[in-house]
Colleague: 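There's a structure below that I have some questions on.
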Amino acid sequence: MRRWNGWGDEANQMHLPANGDRFLIERIGDASPLPNATLDTVLAQVPQSRLVAHPLIVTAAEDRVRHARGQSLPDWLAMRSGDFGVFPDGVAYPETAEQVAELVRYAYSQDILLIPYGGGTSVAGHINPFQSEKPILTIDMGRMNRLLDMDEASQIATLGAGTPGPQLEALLRARGYTLGHFPQSFELSTVGGWVASRSSGQQSLRYGRIEQLFAGGRVETPLGCLEIPTLPASSAGPDIREMVMGSEGRMGIISEVKVRVSRLPEEERFYVIFFPDWQKAKSAARELVQQRIQLSMLRLSNAIETETQLALAGHESLIALLERFLALRGASTGKCMMTLGITGSRTQCKAVRSQVKKLVREFGGIYTGTHLGDKWAEKRFTMPYLREALWSKGYVVDTLETATDWDNVDNLLNRMEENLRTVIADQGEKVHVFTHLSHFYGQGCSIYTTYVFRSADTYEKTLAWWKTLKHTTSELIVNNRGTISHQHGVGKDHAPYLPVEKGPLGMKAIEAVMSTFDPQGQLNPGTLLVD
Ligand SMILES: Cc1cc2nc3c(=O)[nH]c(=O)nc-3n(C[C@H](O)[C@H](O)[C@H](O)COP(=O)(O)OP(=O)(O)OC[C@H]3O[C@@H](n4cnc5c(N)ncnc54)[C@H](O)[C@@H]3O)c2cc1C
């Protein structure tokens with residue numbers, strides 16, 4: 001069963017290895033966990049629903065609790081403290097596009113606010129109910145999880161928008177296809193959520209972001225159904241697909257998604273390469289991408305992330321052996337770890353592998369083969385469970401991500417890390433900060449920074465620290481040529497920073513599009529735009 005107050009399935013757990021524990025104590029000090037609220041105490045707080053009975057709507061307290069929060073750090077603190085704030089008044093679980101359309105019409109006629117809910121994996125407050133006098137209805141798309149059509153000639157699959165990653169891949173793989181979209185939240189996030197929040201998967205180098213994969217579909221809007229036809233390309237004016245992507249539930253509810261799928265590759269392997277320092281590693285990564293070497297995935301950890309990952313990996317003696325081997329080859333303190341994926345036919349993979357080996361040698365890269373790459377692949381979707389393990393030891397963890405052009409990568413990365421490291425120092429707190437680059441483009445790349453700090457002695461204080469860390473770094477990002485989000489979207493947490501990126505005219509255009517489809521402003525208020 002899914003956890004009501006954290007990530008994933010209750011049956012799955014991850015433990016912090018002993019040396020991981022020591023590593024954190026050494027970096028930021030010993031910590032003690034805050035007490036967790038029980039489900040019963042939270043259920044007892046759920047107020048009377050303001051919705052009248054409707055055959056498609058459930059008003060049971062537990063359904064409302066389970067849909068009140070996503071996965072951001074404030075959500076996590078709300079769920080753990082039991083201080084949820086606002087609950088939706090009810091939840092509907094439609095099974096067809098017609099039922100979605102009926103619910104949208106009903107909500108419009110009854111002045112009900114609507115929140116489309118995919119997998120609830122938002123880390124930016126997208127699906128949290130907005131405080132309002134009006135009743136709030138969450139539409140959980142989870143039962144719309146079927147493969148509705150497979151056009152093999154055009155390689156287009158039509159899926160219910162609530163289909164989560166594992167089910168979607170299983171449906172396609174049974175027919176010899178893959179979508180190739182693998183966000184770290186793959187286990188729970190849905191294809192409709194990916195489109196609505198402009199998601200990016202770990203193998204975007206080969207398959208593209210959701211922008212390249214989303215071919216069309218159906219959106220149920222208050223003004224009727226918007227059908228987006230599938231076209232390989234078009235120069236017929238602005239693209240409506242683009243307006244749907246990133247609409248974050250404010251334009252309508254996506255009921256069916258048509259995606260561009262690929263044949264399953266013959267071979268796929270992940271490799272790890274170490275570099276003696278950051279500048280060499282970064283230059284190698286940029287060259288790999290700018291020379292268009294056909295990788296499927298690329299991730300470059302800075303020195304602190306490399307050190308942290310090796311410390312948290314467990315297998316102390318094996319890691320010590322690896323460290324000795326790398327030191328002998330010239331990579332010791334300051335070394336950086338690159339993980340890359342090569343996917344395709346056997347012949348293509350062989351050719352790419354030798355291109356990679358040749359290129360990385362020029363930058364002092366030490367090729368370690370597939371062993372560590374296999375470990376990465378094994379854990380690629382289970383890492384979110386580590387948050388639970390850290391929480392139980394009294395540590396909280398969050399991430400900030402952006403993208404910028406190559407000429408600005410070091411500047412932005414250093415500023416972000418420095419700010420996170422120092423901004424709550426006056427409270428006597430140390431923050432452990434580390435970064436990787438991922439989602440590489442010829443022009444630039446995304447910067448993904450993780451920060452770990454001890455929970456304070458109260459929930460309120462922990463949240464206040466987070467607000468300082470998040471706000472000051474978000475301001476710094478948008479004022480230093482970074483996007484407020486490369487892949488997590490805007491939600492409520494990033495909405496205040498969007499105007500810096502889009503400008504007043506840009507914001508007006510976005511508002512105009514949303515209000516064209518939702519003239520009464522009943523769809524997901526507070527998300528994407530500050531209402
Ligand atoms: C541990 C973890 C790792 C993550 N890793 C990644 C990553 O690698 N890449 C990445 O891109 N993101 C990542 N995310 C963020 C998140 O998973 C993505 O934003 C994802 O696209 C959200 O999908 P979802 O189905 O859970 O949508 P939800 O969280 O339920 O909703 C997100 C937004 O989309 C809207 N929405 C959802 N479904 C529909 C629909 N059918 N019609 C209209 N609007 C809809 C909602 O109203 C909301 O505004 C991660 C999150 C976590 C917790």
Side-chain angles (χ1 to χ4, degrees), residues 6-8 67 69-73 75-76 88 94 97 100 104 113-130 138-145 159-165 168 181-204 209-211 214 217-221 226 244-257 297 299 380-388 397-399 401 403 436 438-439 446 448 450 485-495 517-518 523-529:
W7 178 260
H67 291 83
R69 290 287 182 158
Q71 293 290 326
S72 70
L73 186 52
D75 291 337
W76 190 275
V100 177
V104 173
L113 303 182
L114 280 181
I115 304 177
Y117 183 103
T121 67
S122 156
V123 278
H126 286 86
I127 49 89
N128 304 0
F130 184 73
T138 293
I139 310 287
D140 182 328
M141 299 299 288
R143 290 189 189 160
M144 297 190 55
N145 58 5
L159 292 135
T163 314
L168 179 148
H181 190 74
F182 303 110
Q184 198 192 42
S185 57
F186 180 74
E187 180 181 338
L188 299 173
S189 57
T190 63
V191 65
W194 299 337
V195 172
S197 59
R198 274 188 185 267
S199 158
S200 190
Q202 291 164 344
Q203 284 170 265
S204 61
R209 290 165 61 89
I210 202 68
E211 286 98 307
F214 175 52
R218 265 178 82 123
V219 188
E220 315 304 328
T221 85
L226 175 71
V244 174
M245 286 188 290
S247 57
E248 302 195 348
R250 295 211 56 145
M251 206 173 143
I253 303 183
I254 305 161
S255 53
E256 290 175 12
V257 182
M297 175 259 171
R299 169 184 170 137
R380 63 193 288 193
F381 305 128
T382 56
M383 284 317 278
Y385 286 95
L386 192 60
R387 199 176 194 183
E388 189 80 31
V397 55
D398 195 21
T399 59
E401 46 85 43
H436 64 258
S438 55
H439 305 285
S446 73
Y448 191 100
T450 303
S485 177
H486 168 267
Q487 63 199 56
H488 289 164
V490 180
K492 294 182 184 68
D493 295 350
H494 296 153
F517 291 96
D518 176 25
L523 285 165
N524 216 358
T527 288
L528 184 66
L529 306 166

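Indexing begins at 1, ligand by ligand and atom by atom, following the structure's order.
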Colleague: Hey, which atoms in ligand 1 end up nearer than 4.0 Å to a heavy atom of Ser122?
Modeller: 29 (O)
Colleague: Of the protein's non-hydrogen atoms, which lies at the shortest distance from atom 36 (N) of ligand 1, and what is that distance?
Modeller: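 Residue, atom and distance for the closest contact: Ala196 CB, 3.6 Å.
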Colleague: Got Glu187 and Pro164 here, is their nearest side-chain heavy-atom distance under 4.5 Å?
Modeller: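 They are not in side-chain contact.
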Colleague: Quick check on contacts: which atoms of ligand 1 are under 4.0 angstrom from a heavy atom of Thr190?
Modeller: 24 (P), 25 (O)
Colleague: Name the closest protein heavy atom to atom 51 (C) of ligand 1, giving the residue it belongs to and the distance to 0.1 Å.
Modeller: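 The protein heavy atom lying closest is Thr121 O, 3.3 Å.
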Colleague: Which of the numbered atoms in ligand 1 are below 4.0 angstrom from a heavy atom of Trp7?
Modeller: 53 (C)
Colleague: Do ligand 1 and Ser199 have nitrogen or oxygen atoms that lie under 3.5 Å from each other?
Modeller: yes
Colleague: Please indicate whether any nitrogen or oxygen in Ile115 is less than 3.5 Å from any nitrogen or oxygen in ligand 1.
Modeller: no
Colleague: Measure from atom 6 (C) of ligand 1 to every heavy atom in Glu401, Met251, His486, Gln184 and give the option owning the shortest one.
Modeller: Gln184
Colleague: Look at atom 27 (O) of ligand 1 and say which protein heavy atom is nearest, naming residue and atom and giving the distance to 0.1 Å.
Modeller: Gly193 CA, 3.6 Å
Colleague: With heavy atoms only and a cut-off of under 4.0 Å, state how Leu528 meets ligand 1: side chain, backbone, both or neither.
Modeller: neither
Colleague: Which is closest to atom 2 (C) of ligand 1 in terms of heavy atoms, Gly8, Gly217, Ser185, Gly252?
Modeller: Ser185
Colleague: Would you give the length of the straight line joining atom NE2 of His67 to atom CG of Asp140, rounded to the nearest 0.5 angstrom?
Modeller: 3.5 Å
Colleague: Could you find the nearest protein heavy atom to atom 24 (P) of ligand 1 and give me its residue, atom name and distance?
Modeller: Gly119 N, 3.3 Å
Colleague: Which of the listed options, Pro384, Gly249, Pro116, holds the heavy atom that is closest to atom 47 (O) of ligand 1?
Modeller: Pro116
Colleague: Does the pair Glu248/Arg250 count as a salt bridge with the N-to-O cut at 4.0 Å?
Modeller: no
Colleague: Near Gly118, which atoms of ligand 1 are under 4.0 Å from a heavy atom of that residue?
Modeller: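 Atoms satisfying the 4.0 Å criterion: 25 (O), 28 (P), 30 (O), 37 (C), 38 (N).
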Colleague: Which atoms of ligand 1 have any heavy atom of Asn524 under 4.0 Å away?
Modeller: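 Counting from 1, the qualifying ligand atoms are 47 (O), 49 (O).
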Colleague: Met141 heavy atoms, cut-off 4.0 Å: which ligand 1 atoms fall inside?
Modeller: 41 (N)
Colleague: For ligand 1, is any non-hydrogen atom under 4.0 Å from Gln71's backbone (N, CA, C, O), its side chain (CB onward), both, or neither?
Modeller: side chain
Colleague: I need the atoms of ligand 1 closer than 4.0 Å to a non-hydrogen atom of Ile127, numbered in the order shown.
Modeller: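 The list of qualifying atoms is 30 (O), 31 (O), 46 (C), 48 (C).
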Colleague: N/O of Arg198 under 3.5 Å from N/O of ligand 1, yes or no?
Modeller: no
Colleague: How far is atom 42 (N) of ligand 1 from the closest protein heavy atom, and which atom is that?
Modeller: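 Ranking protein heavy atoms by distance from atom 42 (N) of ligand 1, first comes Ile254 N, 2.8 Å.
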Colleague: For atom 19 (O) of ligand 1, what is the closest protein heavy atom, and at what distance to 0.1 Å?
Modeller: Ser197 OG, 3.2 Å
Colleague: Nearest heavy atom to atom 9 (N) of ligand 1 wins, so pick from Pro164, Ser200, Gly165, Ala161.
Modeller: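 Ranked by closest heavy atom to atom 9 (N) of ligand 1, first place is Ser200.
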